[in-house]
Protein chains: 2
Amino acid sequence: MATIRDVAKLAGVSVATVSNALNLRGNVSPDIKERVANAVEMLGYAPHAGAQRLRRSASNLIGVVIADIANPHFGALAEELESSASGRGYSVIICNSGEDLARERRHLQTLLSHRVDGIVLIAAAGDSNERIAMLSRIGVPLAVVDRAIAGLSFDTVTLDDRRAGALVAEHLIGLGHRRIGVVSGPEGVSTARERLEGFREALASVGVPLDPRLVIDGGFRADRARSNTQRLLASAERPTAIFATDLMMALGVLSAVGDAGLVCPLDISVAAIGDNPFATALHPGLTTVAQPVNAIAAAAIEALLASIARSNDEPETSTRIALEPRLIVRGSTGAPQAGVRR
Amino acid sequence: MATIRDVAKLAGVSVATVSNALNLRGNVSPDIKERVANAVEMLGYAPHAGAQRLRRSASNLIGVVIADIANPHFGALAEELESSASGRGYSVIICNSGEDLARERRHLQTLLSHRVDGIVLIAAAGDSNERIAMLSRIGVPLAVVDRAIAGLSFDTVTLDDRRAGALVAEHLIGLGHRRIGVVSGPEGVSTARERLEGFREALASVGVPLDPRLVIDGGFRADRARSNTQRLLASAERPTAIFATDLMMALGVLSAVGDAGLVCPLDISVAAIGDNPFATALHPGLTTVAQPVNAIAAAAIEALLASIARSNDEPETSTRIALEPRLIVRGSTGAPQAGVRR
DNA sequence: AACCTTCAATAAAACGTTTTATTGATTATG
DNA sequence: CATAATCAATAAAACGTTTTATTGAAGGTT
């Protein structure tokens, strides 16, 4: 691989001049700039990022650790995070923890080693004291996105999950549903907890208590949601509607509904949180709560860059942003048909 | 940030000894190892990756450039690539080009600057001489995955796209379909071309020519596929089946089918290439061709590491691997109902 | 007792950049 | 015309590691 010395030699100038020419610093005459550019082209020279990092203070690099890159929601988030960041002049390194705490830890360590200027963390499911300990002394601006982490004061940007759950509750109640099943995510994940809680509260506020027997675990996974929903549907008092707290689980719910020979929304209504092109393609279209992925990403990058900017001067004040969800009513929800098929 | 000198000072040993202790090289007595480990823990020391790269020859880093991280198929591929690579002791940096050639170029450049040991490229759509020129002198082992690039001799791992197209054709022909519409992807992307070509050939081999008026563009996008399919369905001689060459477009097709008040598979059969949990969740389930994403990723990493290993000794022989697709028949395809609803 | 090995630890060079201070050369100023 | 000011280019130090060669010290072998 060519080094800056090779470029200097070929261009017939000093190393310093090459550096100046490439970084548009100091005074370099136009023809020398030209000669340097030619030499770079000729040699296919790419500056050694490691060596650069050694001298420069900022890396202009942001690390993103994602809980599960195979999940379309996180994929979309990654996409938006990257375009937000690159719009502000930062490059982005994406790492995938695959919902594994150990892998998450390794990735964070790697990012620290690369001296990124900041980190965006979409935390893997599960709590761990080790994580708390590590994060609390991480020494680099960090923004927590999508899933909140308790007990740490980082800038946090999420959907207003409580409100999202409430939106679904209000919608279903408004349609006349009273017996509503919930397929919830892992207890340890804030989004799962909050969405359920918001749902429960909204129900309670109109005097409809949530029957704990109708709340089942789907673990944010389609297969798990499917099998548990099958059980729920087979129970004596089948609910007239089901709320899935994420889209993957909604798929499982829909499969189970179809397996049971039920028709949606005639026999049962289904609603979920999370939206993507698939929700439209289903027939009937799935009623969902859309997340402003774009705004979430933008806010996260904004907060992170602000944190990077103030660096170690002012006291670290951490902001907590919860963005507004939006209900999209499609065909999968309707009024319950009293006793029609029971 | 703490440096290795700080660690050395705190542990009361030389810098070299710290390095040896951390890298398990040379002879370091157990108690000194212990002292070093403690000092590292105490200071939260993370070795400066840039400085390491400067001295080490290998970086143990693999760069992955992905065409569109928001597409679940590529997300899944990214996930598998990462676990394959990390199983072989490599860390992975994921970059997202968002189907943009300029961004792809920037990312490749960045990866070169970071002196990755190898690159996996899932090429953005579109041909460009600039890309050809850049890649042909890239000087780092590179494997092309999923989408082939013409005119370059890199290790290439893809689905056997031609065969995948043929599988769908054989299935639909076997059911009795003769007028089949195709929603195809961008001309410039190998997967789109090959799938269509395999489909066409298989049809031709049983004496059924493909009516060019039934081949429409969906640009690998759900919305585009939807609007163009609407037009196709409204035409005089509506096809009895539609083949979408990827899953996103299949969603658009299904929407259009529903919009037109048609029922699948009664009025029209739909099949696609690409499989994920959504295909099962639909009702009826979508007939698809599954890609062995896992095997594709493994083969790609294998080829890349082999290429890294032989490095600059032996002449670069590039392998071309096409993996076997598998047809999964679900409810969305059935025999055409002669004139039932026409 | 003299010598060779092995073992632990170290000093110092090297990696490829950026940047500060320095040097000449050229142009402007009094 | 002398001096100051600007401009272009450079030499060399510094960044934080790894690694080679070196140094003692401690055991082993005759």
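Ser59(A) and Asp117(A) share a side-chain donor-acceptor pair at under 3.5 Å. Checking His114(B) against Gln109(B) by side-chain atom types alone, no donor-acceptor pair falls below 3.5 Å. Defined by atom type and a distance below 3.5 Å, a donor-acceptor pair is present between the side-chain atoms of Ser14(B) and Thr17(B). Asp146(A) and Thr158(A) form no side-chain donor-acceptor contact under 3.5 Å, judged by distance and modelled atom types alone.
The backbone N or O of Ala133(A) sits less than 3.5 Å from a side-chain atom of Ser136(A), completing a donor-acceptor pair.
Distances from the side chain of Gln52(A) to the nucleotides dT17(D), dT10(D), dT18(C) place dT18(C) closest. In this structure, the nucleotide among dT18(D), dA9(D), dT18(C) sitting nearest to the side chain of Ile4(B) is dT18(D). Picking from dA9(C), dT18(C), dA8(D) the nucleotide with the shortest atom distance to the side chain of Val28(B) gives dA9(C). Closest contact between the side chain of Ser29(B) and the listed nucleotides dC7(D), dA9(D), dA9(C) involves dA9(C).
Crowding of Arg5(B) atom CZ: a count of heavy atoms from other residues, nucleotides or ligands under 6.0 Å not exceeding 12.
Side chains of Ile149(B) and Leu121(B) form a contact here, defined as non-hydrogen atoms less than 4.5 Å apart.
Contact annotation for Arg53(A): no contact, since no heavy-atom pair falls under 4.0 Å across all strands. Residue contacts for Asn20(A): at a heavy-atom cut-off of 4.0 Å it reaches a base atom on one of the strands shown.
Distance NE2 (His48(B)) to P (dT18(D)): 12 Å, rounded to an integer number of Å. A straight line from NE2 of His114(A) to C1' of dG16(D) spans 14 Å, rounded to a whole angstrom. Rounded to a whole Å, the CZ atom of Arg56(A) is 6 Å from the P atom of dT19(C). Distance, Leu22(A) CG to dT17(C) C1': 11 Å, rounded to whole Å. In this structure, CG of Leu43(A) is placed 11 Å from P of dT17(C), rounded to the nearest angstrom. Spacing between atom NZ of Lys9(B) and atom C1' of dA11(C) amounts to 16 Å, rounded to whole angstrom units. Here dC7(C) presents its P atom at 13 Å from NZ of Lys33(B), a figure rounded to the nearest Å. What separates CG of Asn27(A) from C1' of dT10(D) is a distance of 14 Å, to the nearest Å.
With the nearest nucleotide of DNA chain C identified for both Arg115(B) and Thr17(B), Thr17(B) has the one nearer the 5' end.
Within the helix from dA1(C)-dT30(D) to dG30(C)-dC1(D), the inter-axis angle between the opening and closing five-pair segments is 50°, rounded to 10°.
The two atoms that bring Ala78(B) and Ile69(B) nearest to each other are CB-CD1, 4.3 Å, heavy atoms only. The two residues Leu323(B) and Pro292(B) have their closest heavy-atom pair at CB-CG, 4.0 Å.
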Would Arg147(B) and Glu99(B) satisfy salt bridge (charged side-chain N to carboxylate O under 4.0 Å, His left out), going step by step from the backbone distance to the final call?
CA-CA 12 Å; Arg147(B) 298 171 173 179; Glu99(B) 300 280 18; 2.9 Å; yes
Hey, what are the protein-to-nucleotides 12-15 of chain C N/O distances that come in under 3.5 Å?
{"unit_1": "dA14(C)", "atom_1": "N3", "unit_2": "Arg55(B)", "atom_2": "NH1", "d": "2.5"}

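Between Ser14(B) and the phosphate of dT10(C), there is a side-chain N or O to OP1/OP2 separation shorter than 4.0 Å.
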